[in-house]
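Notes follow once the structure below has been shown.
Naming: A, B, ... by sequence-line order, numbering from 1 per chain.
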Amino acid sequence: SDPLVEYLIRHGDDRLVLGHRLSEWCGHAPILEEDIALGNIALDLLGQATSLLGLAAEQEGKGRDADALAFFREAVEFRNVQLVELPRGDFAVTLVRQFLFDAYDVLVTEALSRSAHAPLAGVMAKAHKEARYHVRHSGEWVVRLGDGTDESHRRAQRALDDLWRFTSEPFLMDDVDRAMLAAGIGADLDALRPRWEASVREVMTEAGLQIPGGAFVARGGRTGRHTEHLGHMLAEMQIVARSHPGATW
Amino acid sequence: SDPLVEYLIRHGDDRLVLGHRLSEWCGHAPILEEDIALGNIALDLLGQATSLLGLAAEQEGKGRDADALAFFREAVEFRNVQLVELPRGDFAVTLVRQFLFDAYDVLVTEALSRSAHAPLAGVMAKAHKEARYHVRHSGEWVVRLGDGTDESHRRAQRALDDLWRFTSEPFLMDDVDRAMLAAGIGADLDALRPRWEASVREVMTEAGLQIPGGAFVARGGRTGRHTEHLGHMLAEMQIVARSHPGATW
Amino acid sequence: MTQQATPTEDPALLAEFEARIARGESIEPKDWMPERYRRQLVRMMSQHAHSEVVGMLPEGNWITRAPSLRRKLSLLAKVQDEAGHGLYIYCGTETLGVDRQQLLEELITGKAKYSSIFNYPTLTWADMGVIGWFVDGAAIVNQTALAKHCSYGPYKRAMVRVCKEENFHKKQGFESVAALAQGTPAQHAMVQDAVDRWWWPTLMMFGPPDSDSPNSAELLRWGVKKYTNDELRQRFVNLTIPQAQAVGLTLPDPSLRFDEATGNWVFGEIDWNEFWQVVKGDGPCNRERVAARRAAHEDGEWVRAAATAHAEKKAARGATRAA
Amino acid sequence: MTQQATPTEDPALLAEFEARIARGESIEPKDWMPERYRRQLVRMMSQHAHSEVVGMLPEGNWITRAPSLRRKLSLLAKVQDEAGHGLYIYCGTETLGVDRQQLLEELITGKAKYSSIFNYPTLTWADMGVIGWFVDGAAIVNQTALAKHCSYGPYKRAMVRVCKEENFHKKQGFESVAALAQGTPAQHAMVQDAVDRWWWPTLMMFGPPDSDSPNSAELLRWGVKKYTNDELRQRFVNLTIPQAQAVGLTLPDPSLRFDEATGNWVFGEIDWNEFWQVVKGDGPCNRERVAARRAAHEDGEWVRAAATAHAEKKAARGATRAA
């Protein structure tokens, strides 16, 4: 299949799934100001997803639209990285995961804002501006939690320990990435990885958090091999749409 | 609509929803023996639900079957009492809720085993035998938890405090119940209530648990006015079936 | 609201206060005001803020299940707006000397009042459109009057902002309702069922009948109220019924009829027993709403504690470096 | 498995032991047995019990989403059977002097081994049928041999019971697969995708190739093993491929061909890197499986403590009354 379609769906799915996970906090955050902040980040991500999946559907040319992709694909057809589909956990899990993604997002959106595919570049230029706000917000929280109380430190460290193995997948390049890079459309993820590590180490040091050892790399999302979490998330996300096939809303 | 169909659906839905809630424990119970016990109770309840919804669909005569009723109705069309749709919570919530239902079940299945509607009587006669095992199992656990450790007592008391307001609904009689009772088909729930209270008080006393005061009665499930929990439960339960309308499995 | 004994207000100050209001002047935080006026505003504003915050729950319940990306973003943005309104109005209550922490405490212990409508559960996707149409619609009828006439400056200005956003929400809600009403038979049935469940509770949002509302005279004189409960209720009904007719939906009221003479839609008897039950705390999900707010607060305690601890550490380091 | 130094076994006892086995006699718990034999059985039986228990998780993952009542009950009953098998075999290990608590501790700390197949996630409903067909099918090939030939009485008898139930599960699994394969295009695609994901991991269930299995000779002599890994793997492949063909499903192996001379289906190279990764703990969801068992255990601590406390109170009351 068309690697460009695949590529757009990957990045669209990352933001759809992560935006959905963030939206689960609505009405349940520890402070009203954070309900608003997390909601705003979710809106940004879901907006990006809508654009990217729309571009993918158009490029695919089979009459699907962004909603068809979002609400009528099975879990094995989704192409997000596993990192974003993990349950939101407690506030530490959410913010540590968010920071790990935001630090990547700031880099990948910057790279893709220079994509030879103009519509993609446009979406990513806007996304980059949003990512800069996101990473500041999540980075500040990682520091607050890591360097807050004993309890917040413990929760943040546990979150980091549990999430670390999922942080390689966003940077793994395969044939699709290489084809896109060669075409001037995609990002050089290999080049982004060390920059991501540097910025993550800086924040973790300030937060007093230890980056885990261990070489195990969790992967598979980019080819539809997800964790068992995604299916349950999609049950909730898709139930109304699936219950009324062909309806408009 | 036909009160008999309504009646069969009510009792079928109670057991479908409660059986589903119990099945959520599979693989996660505190002891392997309890995984088996809860699973067996779930099997009994789901088996009863299958029979009752099958009878309802037959009586309705519109070409639906038990699966159509279970997997293709909306939350507002379900007729279970609210008690059974509440989340499973911790082990205390599950077992206290189970006991409160089982104590009712033992009585209502006995009454309905004498129903003038022979198929219903048959299903309920078998269900009554099962209910006697269920209530012994759940009653023993309520005592173990209430009269176990401080922590188990606290959890059991909190469960009882939170669940009590949902225990009136199974006994509330409306026009459907009165029509069924008049036809010799249904149970006299008013007559069952004091017997239920007596057996519940006995177990709670042995367990050292206080029956809450407060007159508020939660209700609405029998007419489709559910809590917000049922919709989320059905999203999970129905997603695969709904994603493949018309398919057989 | 219980009438509490208040210190005898200086009659000269009181007269000047009432004259200012009669002249249409705004009362600002630093101005003199009768204690009963201050209490009334605190009650109204805190109830409004609590309502915005609690109101996030019935709608937040459906964000994860919104059936299209546009509706998902739209609903999330609506709930965001509500959070923002709550925040803004809480800040407004602080201008009247109220401690926000105490307000939060009252909410999570079930002592605070908030709009009764949010004690009803959202059972289908169609409830989202109907809430925007009915509930925001009813709130707008109430708040438009406040935005024009409320004598207390901070609250009046808050109402202007809130109304603007809520008008947009109502429009989007009605648009969703129309799409459902004109959609598939299942969608039409879904939205009709939602209308049947939300209509009467919405009419109860305007409060008890005028015959049952003891404070009205004073509130009208002090520019806290401009119209009576029944007047606002009737205005909402007159606005809404033609909208329902336009999209082929009925209201669950067999008594409904249009009175040519008054130009009013005459409607049936409201079940005031249900109203008082819900206000008293015995509605379908009062306990669940309070429990959800309390859980968010308690589960989030360690987060707030971390933010405080970190801020203190930062300040201490700053002080050390400065020293 | 590391070879540990064992006490020198009495050669006369060892000879008699091996003669009994050669005569086809059962070794029972109270009989003399070499320490290495005991350890081998403990290893096999505990791994089997752990596998049953961990195996509840990938299948339990779909009970709440089973798309028909019959399938829901069937899947729940299957997982129940597995729990029962686990319980039964844990009791069997106790006959060899093992403490069940210690076995549980090893499982939740990630030290215990269990069948590698359960470290793969179940991603669609079709995985349920394929697991019954492939995984129970592979287990049966292995366990049928044990049920006929295993020298240790308790384990042999357990295998007879287990095989009977697992044959039923395999039948139901294949029946589900057939229904999907012959169903809608979406169902066919779903089950084909499941087959493509589960085939190679299933072949890995039979363990490393014979060339890589150091213990085999002794195990064969002691009646703990009857057939080699490769023999059992080939038997499974020969059984299964015609079944796939019968329902129009392909296997994800372009090398597959039938060899007339041997009557075997010749298959491609297994990725032994993947096998060792998974065995080592780095499969797709090893960590998640162990974490789930640990969570169930830790979250349930207060329940077990309550049961113990209550039993003690009852006993004390009984003693008091008797006194």
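Atom CD of B:E202 has 12 or fewer neighbouring heavy atoms from other residues, nucleotides or ligands inside a 6.0 Å radius. Atom NZ of B:K129 is surrounded by 12 or fewer heavy atoms from other residues, nucleotides or ligands within 6.0 Å. For B:E206, the CD atom counts as loosely surrounded, since its 6.0 Å shell holds 12 or fewer non-hydrogen atoms of other residues, nucleotides or ligands. The neighbour count for B:R73 CZ, taken as heavy atoms of other residues, nucleotides or ligands under 6.0 Å away, is above 12. Residue D:Q182 qualifies as enclosed at atom CD: its count of foreign heavy atoms under 6.0 Å is above 12.
The shortest distance between side-chain heavy atoms of B:W25 and D:I63 does not fall below 4.5 Å. The side-chain heavy atoms of D:V303 and B:S152, taken from C-beta on, include no pair separated by under 4.5 Å. No side-chain heavy atom of D:E52 sits less than 4.5 Å from a side-chain heavy atom of B:L32. Side chains of B:V240 and D:W62 form a contact here, defined as non-hydrogen atoms less than 4.5 Å apart.
Taking CD from D:E301 and CD from B:E151, the interatomic distance works out to 9.0 Å, rounded to the nearest 0.5 Å. Summarising the geometry, atom NE2 belonging to B:H153 is positioned 13.5 Å from atom NE2 belonging to D:H310; distances are rounded to the nearest 0.5 Å.
Heavy-atom pairs under 4.5 Å with chain B peak, among D:K72, D:E82, D:R65, at D:R65. Chain D forms the most heavy-atom pairs under 4.5 Å with one residue out of B:G27, B:P30, B:A92, and that residue is B:P30. For chain D, the option among B:D150, B:T149, B:L145 with the highest count of heavy-atom pairs below 4.5 Å is B:T149. When the candidates D:M56, D:R71, D:Q80 are compared by the number of heavy-atom contacts under 4.5 Å with chain B, D:Q80 comes out ahead. No other option in D:V53, D:L57, D:N61 has as many heavy-atom pairs under 4.5 Å with chain B as D:L57. The residue among B:T50, B:D35, B:L43, B:L46 with the most heavy atom pairs within less than 4.5 Å of chain D is B:L43. For chain B, the option among D:A83, D:A292, D:G60 with the highest count of heavy-atom pairs below 4.5 Å is D:A83.
Although no hydrogens or angles enter the test, the distance criterion places a donor-acceptor pair under 3.5 Å between the side chain of B:D67 and the main chain of D:L69.
With a 4.5 angstrom heavy-atom cutoff, B:N40 touches chain D via backbone and side-chain atoms both. Neither the backbone nor the side chain of D:A295 comes within contact range of chain B, judged by heavy atoms closer than 4.5 Å. The part of D:R100 that comes within reach of chain B is its side chain, from C-beta onward, which places non-hydrogen atoms under 4.5 angstrom from that chain. Heavy atoms closer than 4.5 Å to chain B are found nowhere in D:V54, neither backbone nor side chain. Contact of D:L87 with chain B is made through backbone and side chain together, with heavy-atom distances under 4.5 Å. Interface remark: B:A235 contributes no atoms to any contact with chain D (heavy atom separation under 4.5 Å). Looking at B:F91, the atoms closer than 4.5 Å to chain D (heavy atoms on both sides) sit in the backbone and in the side chain alike. Proximity to chain D (any heavy atom under 4.5 Å) is shown, for B:I36, by both the backbone and the side chain. For a residue to count as touching a neighbouring chain, one of its non-hydrogen atoms must lie under 4.5 Å from one of that chain's; by this rule B:A29 touches chain D with the backbone only. Interface residue B:T248: only backbone heavy atoms are found under 4.5 Å from chain D. Proximity to chain B (any heavy atom under 4.5 Å) is shown, for D:S68, by both the backbone and the side chain. If you measure heavy-atom distances from B:H28 to chain D, the contacts under 4.5 Å come from both the backbone and the side chain. Contact annotation for B:R155: only side-chain heavy atoms (C-beta onward) come within less than 4.5 Å of a heavy atom of chain D. With a 4.5 angstrom heavy-atom cutoff, B:L16 touches chain D only via side-chain atoms.
Salt-bridge check for D:R317 with B:D147: passed, with a basic side-chain N closer than 4.0 Å to an acidic carboxylate O. In this structure, B:E33 does not pair ionically with D:R304, as no charged nitrogen and carboxylate oxygen lie closer than 4.0 Å.
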For D:T64 and B:M237, run side-chain contact (heavy atoms from CB on, under 4.5 Å): C-alpha distance rounded to whole Å, both residues' side-chain angles, the deciding distance at 0.1 Å, then the answer.
CA-CA 5 Å; D:T64 51; B:M237 196 180 99; over 6 Å; no
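Nearest heavy atoms, D:A309 versus B:G148: CB-O, 3.6 Å. When all heavy atoms of B:C26 and D:V79 are compared, the pair lying nearest together is SG-CG1, 3.2 Å.
Under a cutoff of 6.0 Å and an axis angle of 45°, D:R70 and B:W249 do not form a cation-pi pair.
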